[in-house]
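These notes are about the structure you will find just below.
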Number of protein chains: 2
Amino acid sequence: MISLDANSSPTPEELPPEIDGLRMTKQRREVFSVVLAERDHPTANDVFSRSQKRMPTISLATVYNCLEALVSHGLVRQVNFEREPSRYCPNLSDHCHFQDQKTGTIHDVVFKEGVNLADFLELPQGTEVSHLEISLKGRIGSN
Amino acid sequence: MISLDANSSPTPEELPPEIDGLRMTKQRREVFSVVLAERDHPTANDVFSRSQKRMPTISLATVYNCLEALVSHGLVRQVNFEREPSRYCPNLSDHCHFQDQKTGTIHDVVFKEGVNLADFLELPQGTEVSHLEISLKGRIGSN
DNA sequence: TCTTCGAATTAGAATAATTCCAATTATTGC
DNA sequence: GCAATAATTGGAATTATTCTAATTCGAAGA
Ligand SMILES: [Mn+2]
Ligand SMILES: [Mn+2]
Ligand SMILES: [Zn+2]
Ligand SMILES: [Zn+2]
């Protein structure tokens with residue numbers, strides 16, 4: 001399990017050669033470390049420019065490939081707000097997203113202890129939910 | 001208020017010349033009536049081809065313009081599933097969306113009586129939510 | 001009814017996030 | 001080291017949506 005401590009995220013070199021059956025290539029480690037480094041939900045392009053700092057030869061296509069690999073192996077979450085470019089989130093705990101309309105900043109929002117989908121949704125019986133995305137927008141406090 | 005009865009939705013001619021301060025042009029009535037006619041959450045393209053049946057000269061740009069006008073006046077809801085093309089929904093009651101991954105069909109899902117956002121989300125105090133989108137994907141029953 | 005004028009419509013071009021492609025390069029298992 | 005396989009790369013392609021500039025519409029007043 002990769003640490004999510006606010007002030008110590010792994011450098012690419014610190015990431016193992018394989019995670020969860022996914023071969024961690026040099027580029028995947030770079031991309032993963034960029035996503036882990038900050039909790040600001042960067043877009044693919046953000047990840048690309050940050051990655052380029054340490055790895056100037058990485059391509060945008062590779063960033064997309066790596067993100068896709070990380071997402072499909074459950075190491076990173078893809079976050080969508082309406083029709084905006086996808087963003088990427090290293091927080092694997094159950095949570096959803098709030099976008100401050102003033103700044104565009106995206107905040108993680110956690111579910112209350114012990115709540116369960118069926119507690120607030122009238123789901124047709126027999127539905128098996130495999131994917132859930134909750135996105136909020138609004139203002140914060142005095143902003 | 002526009003009727004949402006399953007088996008009688010207004011023809012374009014039956015729609016008034018203005019709704020909620022929005023001037024209902026011929027094209028907007030056509031587009032609105034198409035969205036009202038079926039609860040299958042059509043894409044802009046779907047709306048375009050259905051509209052063309054009655055109004056062969058309507059353009060796709062106009063369909064986008066009309067949908068945007070209807071959405072921004074709160075007469076129609078725009079529904080997003082990840083990075084798929086937007087869909088449009090005439091159901092203005094509080095609800096969210098479930099996509100059957102087998103068929104792609106989108107179903108309305110209503111919230112349980114009396115539930116409230118703050119009941120299941122740990123919202124930072126002072127947040128004022130102006131927009132909420134909940135999208136589920138999965139299987140239904142024996143499918 | 002005629003005129004005016006802002007708003008709406010239209011066809012087509014432009015945009016931009018993402019995906020695809022074909023060639024190259026890296027890695028793995030022998 | 002030598003296939004075989006997988007990943008990376010640059011660039012082209014895709015596609016939903018938006019933009020542009022020209023035309024048309026339509027409400028309101030003369
Ligand atoms: Mn998602
Ligand atoms: Mn929405
Ligand atoms: Zn997050
Ligand atoms: Zn709906």
Side-chain angles (χ1 to χ4, degrees), chain A residues 12 15-35 41-52 54-73 75-76 78-88 104 106, chain B residues 12-13 15-35 41-52 54-73 75-88 104 106:
Chain A
L15 289 168
E18 179 176 321
I19 304 181
D20 218 9
L22 178 66
R23 227 177 94 200
M24 292 304 281
T25 64
K26 208 151 56 82
Q27 287 84 350
R28 285 176 185 165
R29 275 192 295 266
E30 177 56 41
V31 165
F32 193 19
S33 78
V34 163
V35 174
H41 301 90
T43 64
N45 232 321
D46 294 335
V47 174
F48 177 49
S49 31
R50 293 177 199 177
S51 296
Q52 280 185 306
R54 294 180 133 260
M55 188 180 277
T57 60
I58 197 172
S59 75
L60 180 56
T62 297
V63 169
Y64 273 104
N65 290 340
C66 293
L67 288 170
E68 144 71 15
L70 293 166
V71 167
S72 68
H73 281 254
L75 299 172
V76 165
Q78 184 170 358
V79 174
N80 300 297
F81 270 88
E82 314 207 323
R83 308 212 54 74
E84 296 175 26
S86 285
R87 296 170 172 275
Y88 297 88
I106 290 171
Chain B
E13 300 73 39
L15 289 169
E18 178 176 319
I19 304 181
D20 216 11
L22 178 66
R23 221 177 103 202
M24 292 303 282
T25 64
K26 210 152 53 85
Q27 287 84 350
R28 285 176 186 166
R29 275 192 294 266
E30 176 57 41
V31 164
F32 194 18
S33 79
V34 163
V35 174
H41 301 89
T43 63
N45 232 324
D46 294 334
V47 174
F48 177 49
S49 32
R50 294 177 199 176
S51 296
Q52 279 186 308
R54 292 182 134 261
M55 188 181 277
T57 59
I58 197 172
S59 75
L60 179 57
T62 297
V63 170
Y64 273 104
N65 290 340
C66 293
L67 288 170
E68 144 71 16
L70 294 166
V71 167
S72 68
H73 281 254
L75 299 172
V76 166
R77 277 184 60 183
Q78 184 169 0
V79 174
N80 299 297
F81 270 88
E82 316 208 319
R83 308 213 56 74
E84 296 174 25
S86 285
R87 296 169 172 276
Y88 297 88
I106 289 171

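Excluded from the calculations below are hydrogen atoms, water molecules and symmetry mates; all remaining heavy atoms, backbone and side chain alike, are included. Every chain is numbered from 1 and lettered A, B, ... according to where its sequence line falls, protein lines coming before strand lines.
Summarising the geometry, the separation between CG on B:L70 and P on C:dA8 is reported as 12 Å, rounded to the nearest angstrom. Atom-to-atom, CZ of B:F48 to P of D:dT17 comes out at 14 Å; the value is rounded to the nearest Å. Atom CZ of B:R29 is separated from atom P of D:dC25 by 15 Å (rounded to the nearest Å). The CG-P distance, from A:D46 to C:dA17, rounds to 11 Å in whole Å. Rounded to an integer number of Å, the gap from CD of B:E68 to C1' of D:dC19 is 13 Å. Computed from coordinates, the B:Y64 OH to C:dA11 C1' distance equals 15 Å when rounded to whole Å. Spacing between atom CD of A:E84 and atom C1' of D:dT17 amounts to 14 Å, rounded to whole angstrom units. Whole-Å rounding puts the B:E18 CD to D:dG26 P distance at 15 Å.
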Side-chain atoms of residues 15-28 of chain B: list all donor-acceptor pairs with protein atoms under 3.5 Å, sequence neighbours left out, distances to 0.1 Å.
unit_1, atom_1, unit_2, atom_2, d
B:T25, OG1, B:R28, N, 3.1
B:R28, NH1, B:R23, O, 2.9

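Looking at heavy-atom distances under 4.0 Å, B:T43 makes no contact with the nucleic acid at all.
Sorted by first and then second residue, the side chain to side chain donor-acceptor pair (under 3.5 Å) pairs with a member in residues 56-67 of chain B read B:S59-B:T62; sequence neighbours excluded.
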Contact state string [nucleotides 4-10 of chain D, B base, S sugar-phosphate only, - no protein heavy atom under 4.0 Å]: --SSSBB
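By the salt bridge (charged side-chain N to carboxylate O under 4.0 Å, His left out) test, B:R29 is found to be paired with no residue, residues two or more places apart in sequence or in another chain being considered. Partners of A:R87 according to the salt bridge (charged side-chain N to carboxylate O under 4.0 Å, His left out) rule, which considers only residues two or more places apart in sequence or in another chain, do not exist here. A:R83 pairs by the salt bridge (charged side-chain N to carboxylate O under 4.0 Å, His left out) definition with nothing, not counting sequence neighbours. Residues passing the side chain to side chain donor-acceptor pair (under 3.5 Å) test with B:S49, sequence neighbours excluded: none. For B:E68, there are no side chain to side chain donor-acceptor pair (under 3.5 Å) partners two or more places apart in sequence or in a different chain.
The side chain of B:R83 contributes an N or O atom lying less than 4.0 Å from OP1 or OP2 of C:dT18.
In terms of heavy atoms, A:V47 sits closest to A:P42 at CG2-CG, 3.8 Å.
The overall bend of the helix from C:dT1-D:dA30 to C:dC30-D:dG1, read as the angle between its terminal helix axes built from five base pairs each, is 30° when rounded to 10 degrees.
Interatomic distance, CD of A:Q78 versus NE2 of A:H41, reported as 12.5 Å (0.5 Å rounding).
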